[in-house]
Amino acid sequence: QVQLVESGGRLVQAGGSLRLSCAVSEGTINTYAMGWFRQAPGRGRVFVASIIWSAGRTYYADSVKDRFTISKDNDKNTVYLQMNSLKPEDMALYYCAATTRVGSTTRSFDYNYWGQGTQVTVSS
């Protein structure tokens, strides 16, 4: 069974950078895609970025396009989210997710495995 553990969340000033990590406990042999979602207080969980494991093809929400980069390290069984030019609106609890299902990767219900989240706080 796939288990995900996020790390790297912390307080950072607006305009700064941060890299989140998500370690996969049992490898990615059956993983089709992994993604990052975020949830701000009082708001719903929204898509941030995703990556198709085998092909390396990536997808981004318009709000983070050109600022965030999702990547993976096959040897470390880890996916990353590099966040640059952070804005106050990026402040949220960030979740890592994985899916074994082929298809869309931009919706919460596309995924069947979730981490517990890591908090990103952006100050002005």
From OG1 (T58) to CD1 (I51), nearest 0.5 Å: 6.5 Å
Minimum heavy-atom distance between T105 and Y59, given as atom pair plus value: OG1-CD1, 4.0 Å
side-chain contact (heavy atoms from CB on, under 4.5 Å) between M83 and V12, worked out: CA-CA 11 Å; M83 304 183 293; V12 62; over 6 Å; no
Nearest non-hydrogen partners of A40 and A92, listed with the distance: N-CB, 3.9 Å
Closest non-hydrogen atom pair, T118 against S7: OG1-C, 4.0 Å
Closest non-hydrogen atom pair, V79 against C96: CG1-SG, 3.8 Å
Side chains of D66 and Y60 in contact at under 4.5 Å (non-hydrogen atoms): no
OG-CD distance between S123 and Q13, expressed to the nearest 0.5 angstrom: 5.0 Å
Transitive ILVMFWY side-chain link V102 to Y111, under 4.5 Å: yes
Heavy-atom closest contact (R38 atom, D90 atom, distance): NH1-OD1, 2.9 Å
Heavy-atom side-chain contact between T69 and L81 under 4.5 Å: no
Verdict with reasoning, S104 to D110, per side chain to side chain donor-acceptor pair (under 3.5 Å): CA-CA 6 Å; S104 173; D110 292 327; 2.8 Å; yes
Mutual orientation of the aromatic rings belonging to Y94 and F68 [parallel < 30°, tilted 30-60°, perpendicular > 60°]: tilted
Linked, directly or transitively: L93 and V46 (ILVMFWY side chains, under 4.5 Å): no
Heavy atoms from other residues, nucleotides or ligands near CD of Q119 exceed 12 (cutoff 6.0 Å): yes
E6/L20 under side-chain contact (heavy atoms from CB on, under 4.5 Å): CA gap, chis, key distance, verdict: CA-CA 7 Å; E6 306 99 326; L20 306 182; over 6 Å; no
Y80-I70 co-clustered via ILVMFWY side chain contacts under 4.5 Å: no
Distance, nearest 0.5 Å, that separates CH2 of W53 from CG of N77: 6.5 Å
Any side-chain heavy-atom pair of Y95 and S108 under 4.5 Å: no
ILVMFWY network linking Y113 to M34, side-chain heavy atoms under 4.5 angstrom: yes
Residue Q116 excluded, over 12 heavy atoms near CD under 6.0 Å: no
R67 to L86 - nearest heavy-atom pair and separation: NH1-CA, 3.9 Å
Cluster check F47, Y32: I/L/V/M/F/W/Y, side chain < 4.5 angstrom: yes
Nearest-0.5 Å distance that lies between atom OG in S54 and atom NZ in K72: 7.5 Å
